[in-house]
Amino acid sequence: MSEKAAPISPLKNFLAGGFGGVCLVVVGHPLDTIKVRLQTQPAVVAGQPPIYKGTVDCFVKIVKNEGFKGLYKGMAAPVVGVAPIFALSFFGYGVGKKLVASHPDQQLGIHQLFVAGAISGVMTTVVMTPGERIKCLLQIQQGQGAAVKYAGPVDCAVKLMKEGGIKSMYKGTCATLLRDVPASSMYFMTYETTKKALVNLSGNSGTGLSPFQTLFAGGFAGILNWAVAIPADVMKSRLQTAPEGTYPRGVRDVFPALLREEGPKGFFKGIAPVMLRAFPANAACFMGFEVALSFLNWAAPNL
Ligand SMILES: CC(=O)O[C@H](CC(=O)[O-])C[N+](C)(C)C
C-alpha cells in the first residue's frame, strides 16, 4: 500500500530552509574560503611554486598569514545571503513538488523529484548570482597579493553597482544556472531517496528518521550535489572574480580558456575542500531544516 505523503507547505519550506542555510554557513564557510582561493589562484608559471600547493597548505597559509579570521572572511555576506538563498531553494523545491504532483497526496517518483529540484535551481539563481559574486570577490581579496578593495559585502555591492550597474552584479548568471539546475536536482532527489531507503532499511516508518539518518541523508545529498556542480562552479568562480573584460562572452570564453590553460583537471580545481565541506555542511543544513520544520508543524500546523 502506498504511504500518504505529508502535505507540502512552500512557506514552511521557506522558513525552515532559511534556518538550514544558516546552519550550513556556520559549519562550511572555512572550507568554502579554501575552495575559492584554490580555484582562483593564477596558473602555475614554470619554475615557480604555486601560491597554495593544496587544501592543507592553503589552510596553513591562511591561518599563518591572516589568522583564523581569514578562514571566516566574507562570512557576513553568506550568512545574510545564504539564508534567503536556501529559503528560496527549499521554497522553490516545495513549489516544484506541487507543480509536478498530479494530486496533493501523491508520493513523488525519482524523476518528479529531479524536476522539482531543477525548478528550485532556476528560482535561486536570482539571488544566488549576486550573492556568489560578492562572496567570491571578498574571499579572494588580500589572499592573493591584491590590495584590499572592498570593506565588506555592502561596500562591495555598492562599488559593483557604481562601476558596472546591475550587469556587473549579475556577472556569472549563465554559469550559476549551469551549476545550480543539475545540482539542485541531484541535491533534493538524493536527500528524499536516501531518506526513504534508510526508513525502509530500519523499518522505522512510524517514527520517521533518527537524527543520525537525517545527517547521513543530508551529507550524502551534499556530496552528490557537488559531484555534478564542480566544473560549472570553477567556471563561475573564475568569471566572477576576473578583471573586467577578461571573458567578454562569459562561459563561452571561460570554458576554452580553462581547458587550454589547465586541461580537463582544471575543471576540478578545489574539489578536495568542496568535498570535505559538502558532507558536514549539508548534514547540518538538512538537520536544521528538519528541526525548524518540525517546530513549525508543531507551532503553526495550518501555515
Ligand atoms: C552549489 C550549491 O550552492 O549547493 C548547495 C549546497 C551547498 O553545499 O552549498 C545546494 N543548493 C544548490 C540546493 C543551494
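FYI, the numbering just counts along the sequence from 1. Whatever order the structure lists them in is the order used to number ligands and atoms, beginning at 1. Because only heavy atoms are used, hydrogens play no part in the values below, and waters and symmetry mates are left out as well, while side chains stay in. Because the structure is predicted, anything quoted here is derived from the model rather than measured.
Atoms of ligand 1 found under 4.0 Å from any heavy atom of R277, numbered from 1 in the order shown, are 7 (C), 8 (O), 9 (O).
Using a distance-only test at 3.5 Å, with no hydrogens or angles considered, no donor-acceptor pair links the side chain of T33 to the main chain of Y72. Of the possible donor and acceptor atoms, one in the side chain of H29 sits under 3.5 Å from a partner among the backbone N and O of K73. In this structure, the side chain of Q48 does not engage the main chain of V45 through any donor-acceptor pair within 3.5 Å. Looking at D253, its side chain does come within 3.5 Å of a backbone N or O of R249 through a donor-acceptor pair.
With hydrogens left out, the protein atom closest to atom 5 (C) of ligand 1 is F86 CZ, 3.7 Å, a heavy atom. Looking at atom 13 (C) of ligand 1, its nearest protein heavy atom turns out to be Y187 CD2, 3.3 Å. Nearest non-hydrogen protein atom to atom 12 (C) of ligand 1 is S184 OG, 3.5 Å. Of the protein's non-hydrogen atoms, the one nearest atom 2 (C) of ligand 1 is W226 CZ2, 3.8 Å. Annotation: atom 6 (C) of ligand 1 to nearest protein heavy atom, N282 OD1, 3.4 Å.
Residue contacts with ligand 1 for N225 involve side-chain atoms from C-beta outward but no N, CA, C or O (heavy atoms, distance under 4.0 Å).
Residue D180 places a heavy atom less than 4.0 Å from ligand 1. At least one heavy atom of S89 sits closer than 4.0 Å to an atom of ligand 1.
In this structure, F188 has its ring center closer than 6.0 angstrom to the ring center of F90.
Shown are F279, F220, F216, Y187; of these, the ring pair (Phe, Tyr, Trp, His ring centres under 6.0 Å) with F286 is made only by Y187.
Looking at every heavy atom in both residues, T125 comes nearest to T173 through CG2-CG2, 4.0 Å.
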